[in-house]
Protein chains: 2
Amino acid sequence: MSGGSERRGAGEGTGGQADRRVRADAQRNMDALLRTALAVFATSGVDAPVREIAERAGVGVGTVYRHFPQRSDLIAAVFRREIDACADAASLLAAEYGPFDALAQWMLRYVDFVSAKRGLAAALHSGDPAYEALPAYFDQRLRPALQGLFDAASAAGAIRTGAKPNELLRAVASLCTAAHDVGPDYARSMIGLLLDGLRYGAAGSA
Amino acid sequence: MSGGSERRGAGEGTGGQADRRVRADAQRNMDALLRTALAVFATSGVDAPVREIAERAGVGVGTVYRHFPQRSDLIAAVFRREIDACADAASLLAAEYGPFDALAQWMLRYVDFVSAKRGLAAALHSGDPAYEALPAYFDQRLRPALQGLFDAASAAGAIRTGAKPNELLRAVASLCTAAHDVGPDYARSMIGLLLDGLRYGAAGSA
DNA sequence: CGAATATACGGAACTATGTTCCGTTTAGCA
DNA sequence: TGCTAAACGGAACATAGTTCCGTATATTCG
């Protein structure tokens with residue numbers, strides 16, 4: 001019943017606290033829950049009991065359900081947080097490495113993301129409305145992140161121009177899925193190949 | 001029976017009674033369960049409660065678990081039965097239609113199969129050991145079925161030779177998955193295209 | 001045909017897990 | 001410090017998978 005019409009919150013992102021400030025303990029518990037859930041999901045899969053997550057996070061189940069009305073909301077929140085982390089890594093890497101290396105490093109980071117989230121990816125197709133917005137969010141955050149790295153790299157003449165971030169993201173995700181049945185290094189070497197492909201017709205190379 | 005694991009008798013099909021004959025009521029209940037489960041899964045998805053299936057089939061839950069020790073065993077059995085039905089359709093169609101039409105009709109039949117089983121397909125990746133043998137069974141039954149139609153059609157000069165059943169099966173499955181996000185006719189028209197492609201270089205055409 | 005017996009049946013009971021409820025605690029504020 | 005809205009915790013409830021066991025019956029055998 002009730003349904004997810006009132007699914008606001010959690011995603012304000014840009015840091016506006018419209019009404020009353022969130023209580024510090026609430027914020028703390030929320031963080032602890034997300035961090036713990038991530039770890040538990042990694043260990044026991046997304047089907048891990050809510051009780052276990054609550055206990056390991058040091059809160060009661062009531063608190064879990066206060067922040068995440070449904071179990072799937074918690075999963076979705078964890079997923080979003082991971083998407084954010086992966087997207088944010090782009091600017092960090094851009095600051096630390098040169099244009100091409102930043103791109104290469106980020107691709108590896110993305111491989112880790114996709115590989116670790118295979119269980120979650122399956123849940124996405126379950127039809128639960130809590131997951132409906134995730135693909136869009138995925139695109140909204142990850143595509144610009146990769147686009148930025150592309151732009152920087154091609155501006156520096158390190159890679160060819162005109163590469164499509166979406167296609168790369170999808171291709172890598174497919175490769176990672178297939179990689180599960182093969183070896184763990186398979187994906188990495190294929191990504192290396194893709195990157196070399198991008199370099200091939202670059203302004204600075206030929 | 002060709003089916004992998006030693007899941008006890010049940011191989012009634014050709015009427016062979018190995019040891020003690022299965023009790024008639026047991027056989028009846030087994031059939032009713034499989035038929036009911038198929039209907040319930042189609043209506044409520046694979047997550048439908050076992051109780052509901054039992055009730056609708058007119059048996060107690062104990063009977064369900066006697067035949068299918070785990071819920072996933074029931075799902076797997078339904079899946080196998082559908083694979084069988086789809087594979088058996090090949091020879092039926094081959095007897096009723098000409099070589100090419102039989103192939104075309106079967107592809108449509110296969111599209112229905114894949115489309116209807118999308119929910120089950122998701123379950124396949126859950127890691128439940130009950131599903132482990134299904135991909136192999138899928139291949140074992142469907143590939144020869146399609147191969148037979150291919151052989152007949154190419155022997156009649158209706159299609160080119162050398163087509164790979166596996167690739168076609170996989171391609172159609174992919175198309176159907178994508179079709180879910182688009183329209184219901186999309187898959188059918190793409191399959192038509194594939195079939196025309198097979199006809200293109202046929203002995204009898206050029 | 002009727003008794004004997006292995007087999008199967010049904011559903012209550014047990015367990016696990018998602019979700020709700022509500023009395024208690026506490027952070028933030030005046 | 002005292003007040004209050006917000007948050008907390010976990011018992012209680014609801015639902016669903018699974019087990020157990022007394023009862024029913026198909027099949028066999030005399």
Side-chain angles (χ1 to χ4, degrees), chain A residues 1-4 6-10 17-34 36-37 40-41 44-78 123 126 128-131, chain B residues 7-10 12 17-34 36-37 40-41 44-78 123 126 128-131:
Chain A
M1 68 223 17
S2 68
E6 204 17 56
R7 192 141 263 146
R8 61 139 69 245
Q17 60 274 30
D19 30 34
R20 220 178 199 81
R21 202 168 60 233
V22 213
R23 258 172 61 166
D25 54 348
Q27 186 61 53
R28 219 171 24 238
N29 281 330
M30 184 107 168
D31 282 355
L33 270 175
L34 286 174
T36 306
V40 173
F41 289 158
S44 319
V46 285
D47 289 333
V50 171
R51 283 187 230 289
E52 180 185 339
I53 298 167
E55 187 175 1
R56 286 230 242 165
V59 305
V61 283
T63 302
V64 178
Y65 280 89
R66 158 166 290 266
H67 293 303
F68 308 99
Q70 312 243 10
R71 185 200 149 65
S72 50
D73 293 320
L74 173 58
I75 295 175
V78 169
S126 68
D128 191 305
Y131 304 131
Chain B
R7 236 178 233 321
R8 148 66 97 45
E12 73 298 58
Q17 58 277 30
D19 33 28
R20 221 184 195 76
R21 205 165 58 227
V22 202
R23 258 173 62 166
D25 54 347
Q27 186 60 53
R28 220 172 22 241
N29 282 330
M30 184 106 168
D31 282 354
L33 269 174
L34 286 174
T36 306
V40 172
F41 289 157
S44 318
V46 286
D47 290 333
V50 171
R51 284 186 230 289
E52 180 185 339
I53 297 166
E55 187 175 2
R56 287 231 241 163
V59 304
V61 283
T63 301
V64 178
Y65 279 89
R66 158 166 290 265
H67 293 303
F68 308 101
Q70 312 245 6
R71 185 201 148 66
S72 49
D73 292 321
L74 173 58
I75 296 174
V78 169
S126 69
D128 191 306
Y131 304 132

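First the proteins, then the strands, lettered A, B, ... as listed; each starts at 1.
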Look up atom [atom1] in [X] and atom [atom2] in [Y], then write down how far apart they are to the nearest 0.5 Å.
{"X": "A:Leu34", "Y": "A:Asn29", "atom1": "CG", "atom2": "CG", "result": "11.0 Å"}
{"X": "B:Phe41", "Y": "B:Asp47", "atom1": "CZ", "atom2": "CG", "result": "9.0 Å"}
{"X": "B:His67", "Y": "B:Gln27", "atom1": "NE2", "atom2": "CD", "result": "8.5 Å"}
{"X": "B:Leu74", "Y": "B:Leu33", "atom1": "CG", "atom2": "CG", "result": "6.5 Å"}
{"X": "A:Tyr131", "Y": "A:Ser126", "atom1": "OH", "atom2": "OG", "result": "5.5 Å"}

Tell me whether the side-chain N or O atoms of B:Arg66 pair up with the base of C:dT7 as donor and acceptor below 3.5 Å, since no angle test is needed here. no
With a 3.5 Å cut-off and heavy atoms only, can you find an N or O donor on one side and an acceptor on the other between the side chain of A:Arg23 and the base of D:dA6? yes
Just how far, in rounded Å, is [atom2] of [N] from [atom1] of [X]?
{"X": "A:Asp73", "N": "C:dT20", "atom1": "CG", "atom2": "P", "result": "11 Å"}
{"X": "A:Arg21", "N": "D:dT4", "atom1": "CZ", "atom2": "P", "result": "20 Å"}
{"X": "A:Glu55", "N": "C:dG18", "atom1": "CD", "atom2": "C1'", "result": "16 Å"}
{"X": "A:Asp128", "N": "C:dG18", "atom1": "CG", "atom2": "P", "result": "13 Å"}
{"X": "A:Gln27", "N": "C:dG28", "atom1": "CD", "atom2": "C1'", "result": "15 Å"}
{"X": "B:Leu74", "N": "D:dT18", "atom1": "CG", "atom2": "P", "result": "11 Å"}
{"X": "A:Ile53", "N": "C:dT19", "atom1": "CD1", "atom2": "C1'", "result": "14 Å"}
{"X": "A:Phe68", "N": "D:dC8", "atom1": "CZ", "atom2": "C1'", "result": "15 Å"}

Which heavy atom of A:Asp128 sits nearest to which heavy atom of A:Ala130, and what is that distance? OD1-N, 2.7 Å
How close do B:Ala77 and B:Phe68 get, heavy atom to heavy atom, and via which atoms? CB-CE2, 3.5 Å
Five-pair end axes of the helix from C:dC1-D:dG30 to C:dA30-D:dT1 and the angle they enclose, rounded to 10°: 10°
Judged by nearest nucleotide, the residue sitting upstream toward the 5' end of DNA chain D, A:Ala26 or B:Arg28, is A:Ala26
What's the closest nucleotide to the side chain of A:Val59 if the choices are D:dG9, C:dG11, D:dA11? D:dG9
Check whether any side-chain nitrogen or oxygen of [X] sits under 4.0 Å from OP1 or OP2 of [N], and answer yes or no.
{"X": "A:Thr63", "N": "D:dG9", "result": "yes"}
{"X": "A:His67", "N": "D:dC8", "result": "yes"}
{"X": "B:Asn29", "N": "C:dA8", "result": "no"}

B:Thr36 side-chain N/O to B:Ala32 backbone N/O, donor-acceptor pair under 3.5 Å: yes
Show every salt bridge (Lys or Arg N to Asp or Glu O under 4.0 Å) that has at least one partner inside residues 49-60 of chain A, sequence neighbours left out. A:Glu52-A:Arg56
Could you pull out the protein-nucleic contacts involving nucleotides 15-17 of chain D (nitrogen or oxygen on both sides, under 3.5 Å)?
| unit_1 | atom_1 | unit_2 | atom_2 | d |
| --- | --- | --- | --- | --- |
| D:dA16 | N7 | B:Arg51 | NH2 | 3.2 |
| D:dG17 | OP1 | B:Arg71 | NH1 | 2.9 |
| D:dG17 | OP2 | B:Val50 | N | 2.9 |
| D:dG17 | N7 | B:Arg51 | NH2 | 2.9 |
| D:dG17 | O6 | B:Arg51 | NH2 | 2.5 |

Does the side chain to side chain contact (heavy atoms under 4.5 Å, CB included) test come out yes or no for B:Val50 and B:Tyr65, once each step is laid out? CA-CA 9 Å; B:Val50 171; B:Tyr65 279 89; 3.7 Å; yes
